[in-house]
Amino acid sequence: MEKILLRSEAITKRFPLPRKERKPGRTSLLAVDHVSLSIRKGEIYALLGPNGAGKTTSLRMIGSLIAPDEGSIFYENRNINEDLKGYRSKIGFLTAELKQDGFFTPDYLFDFMSELHGIPREVAKERKEMLFQEFGILPFRDKKIDALSSGMKQKASLALALVNDPELIIFDEPTNGLDILGAKAVEDFLRSLRDKGRTILLSTHIFSLVEKLCDRVGILLEGRLAVEGSLEEVRGGGTLEESFFSLLGERRDA
Amino acid sequence: MRAFLAIFRKELRRYLTDPRMLIALFLPGILILIIYPLMGTALQSLDISGSPEGETFSIAYMEDFSEDSEEPVLLTLFESALKEQGKGNSASYFPIPREDREEAMGKVAEGEYDLFLDYSPSFEDVLFDRSAVPSLALYYDGASEKATYAHALMLELVPLAYDGYLLNQDADGPIDGNLGKGDYQGNQILSFLFPLVTISLLMSSVCSLTPEAIAGEKERGTLAALLITPVPRGTIVWGKMAAAGTVSLVSGATSFLGTFLSLPFLMGGMSLSAELALPVLLIIFPALFLFLGLGFLLSTLARSVKEANSWIGPFLSLGILASVFGAFLDLSSLPFAFVPILNVATCMALVIRSEVFPWAYLAITVVVDLFATALLVFLTDRLFRSEKALFRR
Ligand SMILES: Nc1ncnc2c1ncn2[C@@H]1O[C@H](COP(=O)(O)OP(=O)(O)OP(=O)(O)O)[C@@H](O)[C@H]1O
Ligand SMILES: [Mg+2]
């Protein structure tokens, strides 16, 4: 069995309900409810769930952007809070809506992000050339982001997420709002990362994306992890969609 | 330190190379250069100086105004006032015997005379030896522009001609009764205009700096990319504040320079004396930091640039309102110096118009505003570490 890179242990997040929606004995919303998942090194893991299931919240906790109310997250068997800086230098975080500051050029932003990550200048320079080459950014590296087409912007954003050469890439709704070409580019990007031995945790509500791309999947329903396993295990002989709706039915009945 | 500098440099770069931002930052200084002279021109045109040109005023006067003078002092002054204007205006004079008084008044109504100086008998002799109360009536045709002008000008000269014999006069001629350095009326206008213009321009430049700095990053989603780096959150927010602080210092300095360069054009000769430069600077910079701190706090709370702007807007109005209050209400008692923003406008007004330099008020204002800034910066720093503020729904 492959090595587990990251696991969460019963992470839980509550948000205070807006005043109007509060009822006696119910003042907060349980967005993520004791979720324990484990991600293996070198795989693409999908957190699949409908709107409001708690995908973004889970990913933000795992990305250390927000702290869980309960539970812990372990990276290579160490609680991430023991060395948050070290952990952050090993991960990347992306969302489909991620827009770059349109006033700067990809070249400048890459240098800027490298500085923030404290990457030695020589290393950063080499990595920039390599990534810009790979993503085809060279022709517009000195143009302001505002002046780029949306496809170019997307390429720049993806390259920028890799400044620190992350071991784990967290990607919230990778293909949200993209057309077929954009979505295809992102899928290729994720596959090529996996081929290089990177680990990817993504969230989505699109069954086909999971079937095409992912090694393992966790289904999140109303903040709870209903099932987790390899694509085959979760499908259980049928399609992913079928097993999703049967899980949903079970939950509704319960 | 490397990360702090990287953030500082990036923010500076955005402020200083984005044309829109540059305009927002340095336009105030330039606007001031235009506003004050324009206001000066507007104020002057309210003056009587919009005189007719090339006219001859027909002025009648009672012949018996004096027992031994040839011509009333008033007419000598009128003549030289016309000459001084250099608009080619002149006057011709018509002495009127006492028995023709009624007839002369009729001619004023018909427009033959523009003005009729109806002196009581021996007016000047009586006035100069103060033996009784003499009288002088000025008759004119209020429907005629020319006559109205002659009347207004003459009215201005009456005190010069005759009050002068009683008031502020010695053997060498008139004395300037103003023993102080200032000009009360000018200072009143300035003590209203200056805080109003300064505060609204400074605040509007702060408004253009801060919403983008944090709320803009939230809106674009780039904040998450910053937060995921190993850089401590404090470093991020301090880097941003330091850059905005530096830029607004420069922007504030240009507004200040603009003010000093252009004020002499506001109502000719009116200016902030050099002694006031330091106190005004002492008020402006803490005020600037105060607005900046406020802007950053709201920007950290807001979810989008639009929201940040809509929150900063009311404070801008409040600042403008405060400068109106500062000018028209008497807020010179020390407790008011403890109210941030209000104290800025009031203190500027007091520095300009008070007879006694308001040291205590100034000191309290500076300390209170710096303290309030520190509090706002502290709160911003705290909020920036709070996921509730950064990931607010
Ligand atoms: N910052 C927040 N404040 C209050 N409530 C929140 C916050 N973030 C999320 N929630 C609530 O928590 C629940 C889970 O939200 P989350 O964004 O994690 O779901 P999601 O699975 O990502 O949904 P989507 O597919 O719509 O992106 C929702 O009910 C949402 O309204
Ligand atoms: Mg989401």
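First the proteins, then the strands, lettered A, B, ... as listed; each starts at 1. Just so it is clear, the model here is predicted, and its values are computed rather than measured.
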Residue part contacting chain B, namely of [X], when any heavy atom lies under 4.5 Å:
| X | result |
| --- | --- |
| Tyr108(A) | side chain |
| Ile170(A) | neither |
| Ala67(A) | both |
| Phe104(A) | side chain |

Testing the 3.5 Å rule here: is there a donor-acceptor pair between the side chains of [X] and [Y]?
| X | Y | answer |
| --- | --- | --- |
| Tyr75(A) | Glu167(A) | yes |
| Ser36(A) | Glu9(A) | no |
| Ser89(A) | Asn164(A) | no |
| Arg7(A) | Asn77(A) | yes |
| Thr105(A) | Asp142(A) | no |

Give, as side chain, backbone, both or neither, the part of Arg233(B) having an atom under 4.5 angstrom from any heavy atom of chain A.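 For Arg233(B), the side chain is the part near chain A, not the backbone.
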
Can you tell me which portion of Ser386(B) sits under 4.5 Å from chain A's heavy atoms? Options are side chain, backbone, both or neither.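 Neither part.
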
Would Lys155(A) and Phe135(A) count as a cation-pi pair here, with the cationic atom under 6.0 angstrom from the ring centre and within 45° of the axis?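 So Lys155(A) doesn't make the cation-pi contact.
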
Between Leu5(B), Ile236(B), Val231(B), the one whose heavy-atom pairs under 4.5 Å with chain A are most numerous: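 Winner by heavy-atom pair count: Val231(B).
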
